[in-house]
Amino acid sequence: MNKACLIGLMSCLCYNTASAAEDTDYVSSGKSANGSSLSFPAYHDPLTELDLDERDNRFQFERSSLGALNVQDPLEGMNRLTYRFNAEFDRYVYLPVVRGYVWATPGFVRTGVSNVTNNLRDIPYLVNNLLQLKFERSAQTTARLLFNSIIGVGGMFDVAKAMDLPAQKEDFGQTLGHYGVPAGPYLVIPFLGPSSLRDGTGYAVDWMIDNGVNYMEHRDYMSDHPYTWGIWAIDLRYQTPFRYGALDSPFEYDQVRYLYTKLREFQVEN
Amino acid sequence: MTRIKPYLSPYLFAGLLFSVSHCVAAEPFAYPETNPFMATVAGTPEDLKAPVPDEIDVQQDDLSVRVLPDRKLPSALSRYRDLQFRVAWQDKPAPLTFLIAGTGSGFDSARMDYLKRLLWQAGMHVIVLSSPSNFDFIAAASNSGMPGVGAEDARDLHTAMTLALQEAQDKKGFEVTEFRLAGFSLGALHAAFVAELDSHLGQFNFSKVLLLNPPVDLYSSVGRLDELSYTRVDGVSDSESFYEHIFQKLSRHFAQGGNGDIQSSLFYEIQNSPEALTDPELAMLIGAVFRFSAADLNFMSDLINNGGRFAPVGKEIKVSTSLTPYLRRALFCDFTCYINNQLWPAWEAKNAGRSIEDMAYETSLRSLSSFLQGNPNVAAVSNADDFILTRDDYQFLADTFGERAYLYPHGGHGGNLDYKPVADRYMTFLQGGAHE
């Protein structure tokens, strides 16, 4: 009897710790091979808590999804070819090169490279924040540039991030959108991927801003040392998590087109 | 973890003993997400996951094999002519585990990558295969081009596994000491069918088979998933889009000061804000994801079989051809529609006089009862609130797998598989350790 009490106490303690975060019923079900009874958490049907109406909501999914497929894409044939080209380039050239880069360099070197290129990207971000009259974000970006370029040794260390100054990404496509320019036709750009007429134009303008400002004379340096363009391109892919085929669908083109369009709507609005 | 009743019962003593031994053996289950829909979508918080190495640090590669020499694919889909798979290998002889992905998921999905790292870290070689229901497997490795019949899918998988293993060993030169098998969701059902088939063929002789959140009756489970897409969502009227409704919530969240940068922590951030998604919204999201998988499956299966239901028969589908019109049509056909319109007519033609219930039974775990019951080498992990299961299905898992039914009170459909105490338990089983 004493022994039973002791075991009972232990199991009560045990039971309490185990169920501290929950309030679950257990039901016993049969016996295990050695004869002790087994218990399992009681079944709970989450569907009973939903209002599942097959008649009334018959077309909610279809209506929503069909609407999502309406994206302005007059150049679809060409875009699909370019998309496929990008996917093949990614599979046979770009990603293998990035894998080689990952294999050949230690992590801190790759992070340093990314920090340097991202520091340079802060220049067009700053210009676009100013163009959209987002002064607080402009001030933050200016602070980022100063901290990272000086304390962060030419951008090699993202010290600003540690100071709670994250990058305020604004590109010229967003600036155009901010002033009411519509996205225009969807466009898949060779090597770069999904874009639109507005955003592709924006990309070119940002490129010219970068060239015009020539921050820390990096453009001169890159022109003198063409291999740096290669590093820039490899780092760009290294920093981009997107993988072709990751959506597991024969309709990947359609889904990426929709997601890209929505993503840009967001970025313009915020 | 027995519930202690306030009255004396003959089982009390045994129950107490069980509680004690159980508590000593395992960390307490304190998975924090008690909402099954949230758990399914958000998984396990980062700090509660079983630690795994970074993807970059795993010795792995993607390889491909030609499984069906005669398969013809339109050029738009020629990328999927060969079956791609992922292999992670060890430098010394080790056990090899085949991992099978779930409904509409490929070998490269995030869940498979996590499981692969878990197994690889524990010293196993791993070969990850796409779900037979995924479009790439249908294109490259499904004989009938019409997945969803247990025994047929198992034969396709068994062939694919044999070829993949050969290719991986040729290319990477590793040595295998024994074979194990694991699958998630529909992949778990497939794992059971492959294991049963192999018990007759004697080729791999799997030492352990692990079923992670398996359906019991496949057709009833996909029916329940179909239902999720009919969830009534407050604030979405008859003329509005559910997606726009969600995006508007996100937009409001950002307008209220959320960072404009889309990050991985976004979901947690939103769920802790006034714009948190409700249960019906989460259920509808899950339902919509599965409906898109159903559309993919419908389209691919019809295309391979020249059914002409979505893409016209004989139409040349070039890389530049818009597939959007076919997607528009395929969106209307859910999983149940696939079973009724594609699977059933084909099955009936081969099985005259038998009913659709017979077909359903033959693709359920129930048809494998004699193989599974009391088999010490097969275990199942699931949750009391896994919404793909009916009450009977859940009971079947408990009854059939007994002490190898690792059933947890919360976690939805696979939300707690990364949770450390859960992962520790199924990894112990897979590695042949003592049962708790």
Side-chain angles (χ1 to χ4, degrees), chain A residues 4 7-8 10-12 14-15 17-18 20-22 24-26 28-30 32-33 36-47 49-54 57 60-69 76-77 80-81 84 102 169 245-246 248-251 254 262-263 266-267 269-270, chain B residues 1-4 11 13-20 23 28-30 32 34 36 56 77 104-106 108 134-135 224 227 229-232 241-243 247 251 254 260-261 280 283 288 291 296 299-300 319-320 322-324 327-328 331-332 384-385 387 391 394 398-399 402-403 407-409:
Chain A
I7 293 169
M10 276 174 66
S11 68
C12 284
C14 229
Y15 176 77
T17 35
E22 61 199 53
T24 313
D25 283 338
Y26 282 78
S28 71
S29 169
S32 70
S36 61
S37 83
L38 293 173
S39 73
F40 297 102
Y43 176 75
H44 161 71
D45 189 350
L47 264 57
E49 285 143 37
L50 299 171
D51 184 359
L52 300 168
D53 195 329
E54 282 207 34
N57 295 330
Q60 179 176 252
F61 169 78
E62 287 87 340
R63 182 180 68 238
S64 306
S65 304
L66 290 174
L69 292 175
E76 185 170 352
R80 281 188 184 265
L81 283 167
R84 175 67 168 261
V102 168
K169 298 176 183 171
D248 283 321
S249 173
F251 303 111
D254 304 84
K262 291 314 285 186
L263 179 73
F266 264 134
Q267 291 174 337
E269 276 171 33
N270 290 283
Chain B
M1 287 189 286
T2 312
R3 188 160 72 133
I4 299 174
Y11 293 112
F13 193 74
L16 292 178
L17 269 176
F18 179 76
S19 310
V20 173
C23 288
F29 180 80
T34 54
I56 268 173
L77 296 163
S105 288
D108 52 356
N134 202 43
F135 81 108
R224 290 169 67 85
E227 272 188 73
S229 69
Y230 303 119
T231 310
R232 175 183 294 284
S241 158
F242 165 71
Y243 306 120
F247 279 123
S251 262
F254 285 122
D261 199 9
R291 284 293 297 270
D296 297 347
F299 169 74
M300 280 308 291
V319 177
S320 61
S322 174
L323 302 186
T324 316
L327 174 57
R328 284 177 185 281
L331 282 173
F332 283 87
D385 62 354
F387 46 75
R391 182 178 295 278
Y394 181 76
D399 293 343
E403 57 198 345
L407 304 176
Y408 295 94

Heavy-atom closest pair, residues Pro250(A) and Leu77(B): CB-CD2, 3.9 Å

Engaged part of Phe299(B) at the chain A interface, taking heavy atoms whose separation is under 4.5 Å: side chain

Enter the distance from Tyr394(B):OH to Phe40(A):CZ here, rounded to the nearest 0.5 Å. 7.5 Å

Between Leu38(A) and Glu403(B), is the side chain to side chain contact (heavy atoms under 4.5 Å, CB included) condition met? List the steps. CA-CA 7 Å; Leu38(A) 293 173; Glu403(B) 57 198 345; 4.2 Å; yes

With respect to chain A, which residue among Phe135(B), Phe332(B), Phe387(B) yields the maximal number of heavy-atom pairs within a distance under 4.5 Å? Phe135(B)

When every non-hydrogen atom of Asp248(A) is compared with those of Gly104(B), the smallest separation belongs to CB-O, 3.7 Å

Residue Ile56(B) versus chain A: region with a heavy atom under 4.5 Å: side chain

Of all heavy-atom pairs linking Ala384(B) and Ala42(A), the shortest is CB-O, 3.2 Å

Search all heavy atoms of Leu50(A) against all heavy atoms of Ala283(B) and return the closest pair with its distance. CD1-CB, 3.6 Å

Could you state the interatomic distance from CG (Leu47(A)) to CZ (Arg224(B)), rounded to the nearest 0.5 Å? 4.5 Å

Do you know the tightest heavy-atom contact between Pro46(A) and Asp385(B)? CG-O, 3.4 Å

Looking at Ala246(A), Gly77(A), Ser249(A), which one has more heavy-atom pairs under 4.5 Å with chain B than the rest? Ser249(A)

Give the ring-plane orientation class for Phe61(A) versus Tyr243(B), where under 30° counts as parallel, over 60° as perpendicular and anything between as tilted. perpendicular

Would Arg232(B) and Gln60(A) count as a side chain to side chain contact (heavy atoms under 4.5 Å, CB included) here? Give the steps. CA-CA 9 Å; Arg232(B) 175 183 294 284; Gln60(A) 179 176 252; over 6 Å; no

Partners of Arg328(B) by side chain to side chain contact (heavy atoms under 4.5 Å, CB included), sequence neighbours excluded? Leu66(A), Leu69(A), Asn70(A), Thr324(B)

Taking every non-hydrogen atom, the tightest pair across Asp108(B) and Gly245(A): OD2-O, 4.0 Å

Can you tell me how far the CG atom of Leu323(B) sits from the CD atom of Glu76(A), to the nearest 0.5 Å? 8.0 Å

